[in-house]
2 protein chains.
Amino acid sequence: MASDHTRSAILAAAERLYADRGFSDVTLRDIVAEANVNLAAVNYHFGSKDELIAELFVTRSIATNRERLRELKAAEEQGGGRAPIEVILRALVGPTLRGCLGPENQRSTAARFMIRASIESVPPIRRIKNREIDHLRKFAGAMRRSLPERSDVDVYWGLNFALAMAHHTIRESERLTKLSEGKCDLDDVEDVVARVVSVATMALTAGKAEAKAPSRALARDAR
Amino acid sequence: MASDHTRSAILAAAERLYADRGFSDVTLRDIVAEANVNLAAVNYHFGSKDELIAELFVTRSIATNRERLRELKAAEEQGGGRAPIEVILRALVGPTLRGCLGPENQRSTAARFMIRASIESVPPIRRIKNREIDHLRKFAGAMRRSLPERSDVDVYWGLNFALAMAHHTIRESERLTKLSEGKCDLDDVEDVVARVVSVATMALTAGKAEAKAPSRALARDAR
DNA sequence: TTGCAATTCAAACAGTTGTATGAAACTATC
DNA sequence: GATAGTTTCATACAACTGTTTGAATTGCAA
């Protein structure tokens, strides 16, 4: 078999362009130009544009989920099946935040592509996306084990809010910087992670006896 | 001057279609079919597709902002220039949540259109969107007055997280319903508002002496 | 080297998009 | 009721989209 140079060049170029400019205004001609391959190569190697996008998404989805689950599993094993809620939340939002924020040059194309995918929702991705629910269910399970006294509804809402803060902060990072006139430092990723985890933890533990909401100072020093 | 029947039919049809299906896959031909007008009417009345979208967005943006500011102003006047943080947050996220969630038949096309606009970010809207920062600044100001002991950075982060929870919940309402197997009731809008406001309030008040985070029970009964 | 399959390539295709045109229909004023 | 200005209409246009085609080229096995 020949080297799949062309194939992987297309994948890399497509991911980069989609991450930078979104799905809606990146054409096959943009991709093949960036990859320095012929236009027909996309259909030859992937069948169609949609199948290219789908392959990209599936690959990255598996990788991201594996990374998140690795962190989660490590935490649960260390805690004998019950990880602290902060650690679970950190495993949930940390990888994505770290991949999408921080200094320009060390942002991950893969993470930014995944955020685009979660935002723009093109047909080929929407079709696959249902699987991610199974993935989130694993986190919901871990959170329930960590907070057995909490109702399921509250846990789901906490999970929802944690993802909300992480994704929205990534999506609107530019606006937040402008609004705060640079006072909110989006380059300090670990501070952002700490803030999101802190608020989500409060959301999940407030109103209970053992609600030990991490102080703001703690969140800020956690870097 | 003649009645602007055609003009407003186009605006209404466009808003409805954009709200339902997003900007990317609604064509001018879809719009004129829905509005029962001729294809050329759009360019005759608005100049171009982009100007149609821009007019739609500007109109709705002004209306939404006016409603939010009305609630905010009322609260501040009643409190002598200092509204409780919960009330400010409610004025910020309440109108949007109420317009986008709740029973199918009473959802507002306008609100759903605005959410689309905040999600998909097409060029004509992106150009205008900077004004919204000025609008958010007014809320940031009110929040600072309400929590004078809090640092600016914390206030901006709180504002960011409040919007995050509201918008993300709207965007991913379907997924949350599926994930929770219907346990999270997205039709109970006032409960959703209460949860978002409650968590955002905690985020803004935790770690301080007067931090009286509303109990979960309070949030749930606030409807 | 010869032969064959896999890959690349330029070119063309069919479909859709937003926009422009010029004639027709309407509306109001005198 | 003729006229001038506005609005509607069918139609055409040019640009762009993803995809297909068939010939050229390549790489490898016999």
Side-chain angles (χ1 to χ4, degrees), chain A residues 1-58 113 116-117 120-128, chain B residues 1-58 113 116-117 120-128:
Chain A
M1 145 181 138
S3 86
D4 53 358
H5 164 274
T6 302
R7 222 186 114 89
S8 45
I10 292 174
L11 284 171
E15 182 171 49
R16 191 157 4 123
L17 289 178
Y18 285 144
D20 284 346
R21 313 192 336 224
F23 295 100
S24 50
D25 55 32
V26 171
T27 72
L28 281 189
R29 283 167 177 82
D30 293 334
I31 295 173
V32 298
E34 178 90 358
N36 271 312
V37 301
N38 186 270
L39 174 59
V42 173
N43 289 278
Y44 177 78
H45 283 283
F46 298 93
S48 71
K49 184 194 186 183
D50 280 9
E51 290 175 85
L52 164 62
I53 294 180
E55 167 146 353
L56 222 37
F57 180 71
V58 169
F113 170 85
R116 285 283 186 192
E120 289 197 16
S121 175
V122 292
I125 288 184
R126 206 174 318 147
R127 257 175 258 128
I128 308 171
Chain B
M1 145 180 140
S3 86
D4 54 356
H5 165 273
T6 302
R7 223 187 113 90
S8 45
I10 292 174
L11 284 170
E15 182 171 49
R16 191 157 4 122
L17 289 178
Y18 285 144
D20 285 347
R21 314 194 333 226
F23 294 99
S24 50
D25 54 31
V26 171
T27 73
L28 282 189
R29 283 166 178 82
D30 293 334
I31 294 173
V32 299
E34 178 90 357
N36 271 310
V37 301
N38 186 270
L39 173 59
V42 173
N43 288 278
Y44 177 78
H45 284 282
F46 299 92
S48 70
K49 185 193 186 184
D50 280 9
E51 290 175 83
L52 164 63
I53 294 180
E55 167 147 353
L56 222 37
F57 181 71
V58 168
F113 170 84
R116 285 283 185 191
E120 288 196 15
S121 175
V122 292
I125 289 184
R126 206 174 319 147
R127 257 175 259 128
I128 309 171

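Chain A is the first sequence line, chain B the second, and so forth, proteins listed ahead of strands; every chain is numbered from 1.
- Of the inter-residue distances, the one linking B:Asp30 atom CG with B:Arg16 atom CZ reads 12.5 Å to the nearest 0.5 angstrom.
- Looking only at distances, no side-chain donor or acceptor of A:Arg29 sits under 3.5 Å from a matching main-chain atom of A:Leu39.
- Spacing between atom CG of B:Asp30 and atom C1' of C:dG15 amounts to 15 Å, rounded to whole angstrom units.
- Residue-level contact check: B:Ala41 touches neither bases nor backbone, having no heavy atom under 4.0 Å from any strand.
- A straight line from NZ of B:Lys49 to P of C:dT16 spans 15 Å, rounded to a whole angstrom.
- Here the P atom of nucleotide D:dA15 and the CG atom of A:Asp25 are 20 Å apart, to the nearest Å.
- To the nearest angstrom, P of D:dA12 lies 14 Å from CG of B:Leu39.
- For the pair A:Ala40 and A:Arg29, both in contact range of DNA chain D, the more 5′-proximal nearest nucleotide belongs to A:Arg29.
- Atom-to-atom, CG of B:Asp4 to P of D:dT6 comes out at 16 Å; the value is rounded to the nearest Å.
- The shortest heavy-atom contact between B:Ser48 and B:Asn43 is CA-OD1, 3.8 Å.
- Note: CG (B:Leu28) to C1' (C:dG18) measures 6 Å, nearest angstrom.
- In this structure, A:Asn38 reaches the C:dA10 phosphate: one of its side-chain N or O atoms is under 4.0 Å from OP1 or OP2.
- When each of A:Leu56, A:Ile53, A:Leu52 is tested with A:Phe46 by the rule side-chain contact (heavy atoms from CB on, under 4.5 Å), just one qualifies, namely A:Leu52.
- B:Thr6 has no side-chain polar atom (N or O) that falls below the 4.0 Å cut-off from OP1 or OP2 of D:dT7.
- The nucleotide whose nearest atom lies closest to any side-chain atom of A:Tyr44 is, among C:dT19, C:dT8, D:dG18, C:dT8.
- Note on A:His45: a side-chain N or O is less than 4.0 Å away from OP1 or OP2 of C:dT8.
- Going from atom CG of A:Asn43 over to atom P of C:dA11 covers 18 Å, rounded to whole Å.
- Ring planes of B:Phe113 and B:Tyr18: tilted class, angle from 30 to 60°.
- Protein atom CZ of B:Phe23 is 13 Å distant from nucleotide atom P of C:dG18, rounded to whole Å.
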